[in-house]
Amino acid sequence: METTEANERPKILGGCMKTRNVQALAADHNTLPADILERYIRPEMAVDDVLLENNSEEIPVIDMSRLMDEVSRDEEASKLKFACEDWGFFQLVNHGVPEKVIDELKEDLMRFYDLPLEKREEVAQLPGDLEGYGQAFIASEEQKLDWADMLYLFTQPPHFRNYKHWPSQPPSFRDSLENYSNATQKVAHCIMGFMATILGIKRETISEIHGSQTVRINYYPPCANGHDKMIGLSPHSDGCGLTLLLQVNPVPGLQIKRNGKWLPIMPLPGALVVNIGDALEILTNGRYKSIEHRAVINAKEERISIAALHSPSFEKTVGPLADIVGKGTPLFKSVTMPEYVKLFVSKKKIYGKKMIELLKLNP
Ligand code: OGA
Ligand code: NI
């Protein structure tokens, strides 16, 4: 990561190699040469255990309006505590992001993906940079690939935005994304406030650290023959502190690791799926859990999701909070945010698994 002088925009040097646009590949999937398709085939998919959707265990549902209401607050807060400590994932309903804001962004995204490839590639990633339209963390010609395209953008603080990578088509896209970014940032910080209170620390503590927001917009094309052997997004845990995921269309795909198996999650209509990232697991000294998850693809339908990722600001340190560790023992090393990002990117490229293991003390 380095800071560019022009707009002080942090640049994540991921060394991403350019690969094919997956939406375009999917469009003529039946005529694709075998050697290209081969890079998307994942042998491990055949042996992975998936829990069926009618599984008795249900991901917790947290009602934000009940957290805001003094009468129901304590009861809802104890559900939130359980969700963060035991699941690392929950659905958030009545979150207050206006329906209009969500609908406008959804509409503009659909229109963006309807544009011809050359138009979409006007906001393509540049060599070595993660921001823009393309793929994340591709380090070699041999590496297996995910069946998806992503659009990764810095959204907060506003002066970090690099509009070169923000689609100008449809013309309302930028306003829609800005409105969505502002609204989700507010929700994320409100939740962080409740999380801190539950942990017995000052309400602002977690929120103050998390000044940055990026969005990762995922487009998973359908794949008629082979969807069960491919993966949309490889297993990973999020490097940020707190993720708010919006599913744009009602197609299942997200799966989370629960008791050693993959549990499919289908968001309730209008809900945001919230999860704890590695940074928050570290800050809370392991009290809150960052859980591995992945996205599978569908045979017939495309799937689109938007992850709003809230991370510590670049001048902050990622390490167990003194107020939480107290007289106990810190379980993780403390590193500066630039060091943390560097580690995250290198770990992703090498292992594609939980980077947090590298920061564990006395393993
Ligand atoms: C992510 C992510 C899951 C999904 O973008 O980090 O986990 O369902 N997305 O798209
Ligand atoms: Ni994720």
Side-chain angles (χ1 to χ4, degrees), residues 12 14 16 22-23 50 53 59 87-92 102 105-106 109-110 113 125 130-138 145-155 177 180-181 184 188 212-223 227 230-258 262-269 271-281 288-298 301-311 341 344-345 347-348 351-356:
I12 298 175
C16 300
V22 181
Q23 188 179 345
V50 178
E53 245 142 318
I59 180 175
W87 278 79
F89 261 90
F90 57 89
Q91 302 209 45
L92 187 66
I102 291 179
L105 181 59
K106 283 184 177 179
L109 270 175
M110 302 306 268
Y113 290 114
Q125 287 168 330
L130 196 61
E131 197 170 10
Y133 181 53
Q135 276 81 26
F137 308 118
I138 296 168
L145 300 173
D146 291 345
W147 189 255
D149 303 313
M150 69 152 200
L151 175 60
Y152 182 73
L153 300 169
F154 279 92
T155 43
L177 182 57
Y180 183 75
S181 161
T184 43
S212 139
Q213 184 201 55
T214 55
V215 294
R216 178 183 167 131
I217 301 171
N218 302 296
Y219 182 90
Y220 306 99
C223 185
H227 73 280
M230 298 174 166
I231 193 145
L233 183 50
S234 294
H236 66 284
S237 59
D238 295 344
C240 65
L242 194 69
T243 303
L244 268 49
L245 185 87
L246 175 73
Q247 175 136 334
V248 171
N249 55 346
V251 176
L254 175 64
Q255 300 185 338
I256 71 171
K257 215 37 170 317
R258 180 85 180 148
W262 291 109
L263 178 68
I265 303 292
M266 189 58 205
L268 298 167
L272 292 166
V273 177
V274 181
N275 69 285
I276 308 290
D278 292 351
L280 199 50
E281 178 166 339
Y288 287 178
K289 301 292 184 301
S290 166
I291 299 297
E292 231 189 320
H293 52 284
R294 67 179 189 179
V296 296
I297 54 176
N298 195 272
E301 290 179 273
E302 66 187 7
R303 178 168 177 270
I304 303 171
S305 68
I306 309 167
L309 310 157
H310 302 87
S311 301
V341 173
F344 180 72
V345 171
K347 172 75 177 167
K348 274 275 184 189
Y351 312 91
K353 280 255 174 73
K354 267 186 109 172
M355 176 245 342
I356 204 168

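Heavy atoms only: backbone and side chains are in, while hydrogens, waters and symmetry mates are out. Read the numbers this way: they start at 1 and go in the same order the structure lists the ligands and their atoms.
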## Note on the structure
Short version for Q247: what comes under 4.0 Å of ligand 1, heavy atoms counted, is neither
### Task
Could you tell me which atoms of ligand 1, counted from 1 in the order shown, lie closer than 4.0 angstrom to a heavy atom of A307?
5 (O)
### Query
Is there a side-chain contact between Y220 and V251, using heavy atoms and a 4.5 Å cut-off?
no
### Task
Using a 4.0 Å heavy-atom cut-off, say whether R303 meets ligand 1 through its side chain, its backbone, both or neither.
side chain
### Task
Identify which of T243, I217, V215, L254 has a heavy atom lying nearest to atom 3 (C) of ligand 1.
L254
### Task
State if H236 counts as touching ligand 1 under the rule of any non-hydrogen atom under 4.0 Å.
yes
### Message
So does S290 get a backbone contact from the side chain of D238, meaning a donor-acceptor N/O pair under 3.5 Å?
### Response
no
### Query
Please state which protein non-hydrogen atom is closest to atom 9 (N) of ligand 1 and give its distance, to 0.1 Å?
L233 CD2, 3.5 Å
### Task
Report the nearest protein non-hydrogen atom to atom 5 (O) of ligand 1: residue, atom name, distance rounded to 0.1 Å.
N218 ND2, 3.1 Å
### Query
For ligand 1, which atoms, with element, lie under 4.0 Å from some heavy atom of S305?
4 (C), 10 (O)
### Query
What part of M150, side chain, backbone, both or neither, has a heavy atom within less than 4.0 angstrom of ligand 1?
neither
### Message
Under the side-chain contact (heavy atoms from CB on, under 4.5 Å) test against L244, which residue among N275, L309, L272, V273 passes?
### Response
L272
### Task
To 10°, measure the NE2(H236)-the Ni ion (ligand 2)-OD1(D238) angle for me.
90°
### Atom indices of ligand 1 within 4.0 angstrom of R216 heavy atoms, with elements
5 (O)
#### Entry: Side-chain donor/acceptor of Q135 to backbone N/O of A148, under 3.5 Å
yes
### Task
Would you confirm whether E302, through its side chain, and Y219, through its main-chain N or O, come within 3.5 Å as a donor-acceptor pair?
no
### Sidechain-backbone polar pair: Q247 side chain, S305 backbone, donor-acceptor under 3.5 Å
no
### Parallel, tilted or perpendicular, as decided by the 30° and 60° cut-offs, for the rings of F89 and H293
perpendicular
### Query
Within the side chain of Q23, is there an N or O that forms a donor-acceptor pair under 3.5 Å with the backbone of Y113?
yes
